[in-house]
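One structure below.
Every chain is numbered from 1 and lettered A, B, ... according to where its sequence line falls, protein lines coming before strand lines. Values below: all heavy atoms of this structure, side chains included; hydrogens, waters and symmetry mates excluded.
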There are 2 protein chains.
Amino acid sequence: MTTARRAILRALENSEDHPDALMLHDRAKEFDPTIAQATVYRTMRLLEQEGLVEKHDFGNGRARYEEAEKEQHDHLINLSTGEIIEFHDTNLEALKIEIAKRLGFDLKDHRLELYGVPRE
Amino acid sequence: MTTARRAILRALENSEDHPDALMLHDRAKEFDPTIAQATVYRTMRLLEQEGLVEKHDFGNGRARYEEAEKEQHDHLINLSTGEIIEFHDTNLEALKIEIAKRLGFDLKDHRLELYGVPRE
DNA sequence: TCAAAATATGCGAATGAGTTGCATATGCAG
DNA sequence: CTGCATATGCAACTCATTCGCATATTTTGA
């Protein structure tokens, strides 16, 4: 556990949004001003492999991260604002598992993103 | 309509899988041996913007494409083999729309991929 | 507590998918 | 056929992410 890693973890804890590596680098600099981007990338890869962090691709080139502790949820992206809304639906979870089973698979992972615009 | 574009369209028609730009480039070379990668990228971007092609990211860095005419479906990726299986589930479609609505949004697009291993 | 071994860091260079500038080639309208 | 608009090939460029390597920081264990 190094200064750099502590800085990244703190930056992550303080983030309510879904930051990308650049944002995390900026935020981590507050706790360790000399931290390098490469370290952020390396640490995020590590955290992802350890299952402590989830990596998402919301479609604009940069990977975005969130802590993995929370209960299972998916994302809805507001196309008007870019805002990301988390949601959970039990029926949906069950249905995903059931569909995989029907096709002859055990579901190991999944990815669901809804893209929508606010209803006027 | 140029030689290069015809070559790419034929390569696409002949593809039952979900090829990436490199694969399409290789396959298109059969019809136009001098075609450049840049042309494949440019053409795929065009086709995607026109809505004739769908672009997917199944998670290994290269975008993958399929013709867009078919009816709506999602993908299950076999983690053991990389094989991609298409499926359609009406309940799932309805549920996605309903969830978006519940959150106050009109669903414009979505992305669902299931990752699984064959049940032994 | 301290030195050696192990691991992580910062830096800049490298990678790899996708894009772009530009001079040339091709397609199409008249 | 000619002229002009558009597309192509090539090589150079982006941009996110990764890597090599020399140095710095942590950890181990005597």
Starting at [atom1] of [X] and ending at [atom2] of [N], how long is that distance when rounded to a whole Å?
X	N	atom1	atom2	answer
Met44(A)	dC19(D)	CE	P	17 Å
Gln37(A)	dT18(D)	CD	C1'	12 Å
Arg5(A)	dT25(D)	CZ	C1'	11 Å
Lys29(B)	dG9(D)	NZ	C1'	13 Å
Arg42(B)	dC10(D)	CZ	P	11 Å
Asp20(A)	dC15(D)	CG	P	14 Å
Arg6(A)	dT27(D)	CZ	C1'	13 Å
Leu46(A)	dC19(D)	CG	P	14 Å

About how many Å separate [atom2] of [Y] and [atom1] of [X], when rounded to the nearest 0.5 Å?
X	Y	atom1	atom2	value
Asn60(B)	Asp20(B)	CG	CG	8.0 Å
His18(B)	His75(B)	NE2	NE2	3.0 Å
Lys29(B)	Ile35(B)	NZ	CD1	9.5 Å

Task: First encountered from the 5' end of DNA chain C, between Thr2(B) and Tyr41(B) - done: Tyr41(B)

Task: Sidechain-backbone polar pair: His88(B) side chain, Gln72(B) backbone, donor-acceptor under 3.5 Å - done: yes

TODO: Report yes if at least one side-chain N or O of Arg45(A) is closer than 4.0 Å to OP1 or OP2 of dC19(D); otherwise report no.
DONE: yes

- [ ] Find the bend of the helix from dT1(C)-dA30(D) to dG30(C)-dC1(D) as the angle between its two terminal axes (five pairs each), to the nearest 10°.
- [x]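 It works out to 30° between the end axes.
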
Task: Residue whose nearest DNA chain D nucleotide is more 5′ - Met1(A) or Asn60(A) - done: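 The answer here is Asn60(A).
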
Open item on the list: By the 4.0 Å heavy-atom rule, please label Ile35(B) as base, sugar-phosphate, or nothing.
Closed with: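 Sugar-phosphate, no base atom in range.
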
Task: Sugar-phosphate, base or nothing in reach of Ala38(B), heavy atoms under 4.0 Å - done: base

Task: Leu112(A)-Ile85(B) co-clustered via ILVMFWY side chain contacts under 4.5 Å - done: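 Both belong to a single hydrophobic cluster.
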
Task: Same apolar cluster: Leu22(B) and Tyr65(B), side chain cutoff 4.5 Å - done: no

Task: DNA chain C: 5'-most and 3'-most nucleotides touching chain B, 4.0 angstrom heavy-atom criterion - done: dA17(C) to dC28(C)

Open item on the list: What I'd like to find out is whether the side chain of Glu66(B) reaches to under 4.5 Å of the side chain of Glu86(B), using heavy atoms alone.
Closed with: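 Counting from C-beta outward, Glu66(B) and Glu86(B) do come under 4.5 Å.
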
Open item on the list: Please identify which of these residues, Lys108(B), Lys96(B), Arg111(B), meets the salt bridge (charged side-chain N to carboxylate O under 4.0 Å, His left out) condition with Glu113(A).
Closed with: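 Among Lys108(B), Lys96(B), Arg111(B), the one that satisfies the salt bridge (charged side-chain N to carboxylate O under 4.0 Å, His left out) with Glu113(A) is Arg111(B).
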
Open item on the list: Does the Lys NZ or Arg CZ of Arg64(B) fall within the cation-pi geometry relative to Phe58(B) - under 6.0 Å from the ring centre and within 45° of the axis?
Closed with: no

